[in-house]
Amino acid sequence: MALGLLWMGVSLFWALQAHVSLQLIVNPSLDIIPLQPDFKHDQFQGRWYAIGVAESDIQNATESQLEMFSTTFELIGNDSYSVTGLMPTEHGCDLWIRTFSPSVYPGEFTLSNMEAYNYIQNYTVRVVSTDYKNFGVMFMKMTKTVGVHVEITLYGRTKALSSQVKEDFVKFSKTVGFTNDNIIFTDPIGNDHLGRGEGDIGSVQVCCPNKQKRQDLVPSCHY
């Protein structure tokens, strides 16, 4: 009897664990992800500040802290973007640079030179919504050799956005499959830091303690 209860308890434990794991797997079809109508490549370029982020790697968002980061989009021809991110790290400031190439749908992009990353099978970015002057919502889906990473970022031209825009971002993130625990808003920490990036794709450290800053890559670790 006692052994039977033990096995029942173990089975219930693993069933609950499996249920939790399924909740954390966010893998929406691109068919349900909207695209900004009549996307204007030239108006979207420039610097954006990350105001909010939704991703499954974020857990217990209410107890977490994420420093604001910036992403700059620069048109380089054929509607491609050179994308530069600046992000704070424990040792200073990191910079990453990558190229987004347009797909057949305006506002959708793929990662150029993807063959350089042998663990990435597919990398798609969509501009979900933007007014170009104030906010932009970007969806990213990266299929890896093991698993899928999905991320939604709310960008602002300035370091603050209205509560209504934030609420709309939360609602959209939940339709994709995220919960409140996976959604976080960044801390606008003035001019001290610049932000974060996605894993190790194209990331290079540009300044750290006791080393000379790489002024050729980035003149300052400030906004």
Side-chain angles (χ1 to χ4, degrees), residues 24 26-75 79 81 83-88 96 98 100 102-103 105-109 124-142 149-198 222-223:
L24 297 179
V26 178
N27 186 14
S29 169
L30 287 175
D31 294 337
I32 69 169
I33 306 300
L35 273 167
Q36 169 64 38
D38 191 26
F39 180 73
K40 298 176 175 58
H41 296 79
D42 58 334
Q43 294 186 31
F44 189 77
Q45 67 178 336
R47 175 178 289 176
W48 293 91
Y49 297 103
I51 306 297
V53 176
E55 61 171 280
S56 54
D57 289 345
I58 298 174
Q59 302 294 324
N60 301 318
T62 56
E63 301 177 5
S64 304
Q65 181 177 352
L66 178 62
E67 295 174 347
M68 184 174 287
F69 59 97
S70 73
T71 306
T72 301
F73 297 83
E74 180 184 358
L75 279 174
D79 291 332
Y81 285 118
V83 186
T84 302
L86 286 169
M87 63 211 74
W96 55 255
R98 64 192 70 156
F100 286 172
S103 75
Y105 305 107
E108 180 179 284
F109 302 87
T124 303
V125 172
R126 280 193 168 193
V127 179
V128 174
S129 178
T130 183
D131 65 356
Y132 304 99
K133 295 181 179 179
N134 298 292
F135 78 93
V137 177
M138 180 166 282
F139 172 90
M140 184 275 290
K141 182 176 181 179
M142 177 170 58
H149 178 79
V150 173
E151 184 173 315
I152 306 172
T153 305
L154 172 63
Y155 285 111
R157 288 295 191 185
T158 63
K159 300 176 188 178
L161 287 174
S162 69
S163 58
Q164 184 60 58
V165 171
K166 291 181 178 180
E167 289 175 11
D168 291 342
F169 166 71
V170 170
K171 290 178 182 177
F172 171 68
S173 297
K174 289 182 176 180
T175 65
V176 172
F178 291 114
T179 68
N180 286 331
D181 285 338
N182 310 124
I183 304 169
I184 191 170
F185 291 99
T186 59
D187 287 335
I189 48 179
N191 294 329
D192 293 331
H193 296 87
L194 290 170
R196 63 189 288 283
E198 303 155 10
H222 301 283
Y223 288 144

Enquirer: Would you confirm whether K141, through its side chain, and P28, through its main-chain N or O, come within 3.5 Å as a donor-acceptor pair?
Expert: yes
Enquirer: For K174, which of N180, N182, T179 qualifies under side-chain hydrogen bond (donor to acceptor under 3.5 Å, both in side chains)?
Expert: N180
Enquirer: Is there a donor-acceptor pair under 3.5 Å between the side chain of Q36 and the backbone N or O of V127?
Expert: no
Enquirer: Measure the spacing between OG of S103 and CG of L30 and express it to the nearest 0.5 Å.
Expert: 9.5 Å
Enquirer: Nearest 0.5 Å please: distance from the CE atom of M142 over to the OG1 atom of T124.
Expert: 11.0 Å
Enquirer: Could you report the tightest heavy-atom contact between Y155 and M138, atom names first, then the distance?
Expert: CE1-CB, 4.1 Å
Enquirer: Look up atom CZ in R47 and atom CG in L86, then write down how far apart they are to the nearest 0.5 Å.
Expert: 7.0 Å
Enquirer: Rounded to the nearest 0.5 Å, what separation is found between the OG1 atom of T71 and the CE atom of M87?
Expert: 7.5 Å
Enquirer: Grab the two heavy atoms, one from E151 and one from E55, that are nearest each other, plus how far apart they are.
Expert: OE1-OE2, 3.1 Å
Enquirer: Using the six-membered ring wherever Trp is involved, compare the ring planes of F100 and F73 and label them parallel, tilted or perpendicular (cut-offs 30° and 60°).
Expert: tilted
Enquirer: Main chain of L75, side chain of Q45: is a donor-acceptor contact present, judged purely on distance under 3.5 Å?
Expert: yes
Enquirer: What closest approach, in Å, do Y49 and S70 show between heavy atoms, and which atom pair accounts for it?
Expert: CD2-CB, 4.2 Å
Enquirer: What's the separation between atom CG in D168 and atom OG in S162, rounded to the nearest 0.5 Å?
Expert: 8.0 Å
Enquirer: Parallel, tilted or perpendicular: which one describes the rings of F39 and Y81, with boundaries at 30° and 60°?
Expert: perpendicular
Enquirer: In this structure, which one of L161, I183, V128 forms a side-chain contact (heavy atoms from CB on, under 4.5 Å) with L154?
Expert: L161
Enquirer: Ignoring hydrogens and geometry, is there a side-chain-to-backbone donor-acceptor pair from T186 to A50 under 3.5 Å?
Expert: yes
Enquirer: Hey, does the side chain of R157 reach the backbone of Y132 with a donor-acceptor pair shorter than 3.5 angstrom?
Expert: yes
Enquirer: List the atom of I152, the atom of F139, and the distance in Å for their closest heavy-atom pair.
Expert: CG1-CD1, 3.9 Å
Enquirer: Where the side chain of T130 meets the backbone of F135, is there a donor-acceptor pair that is under 3.5 Å apart?
Expert: yes
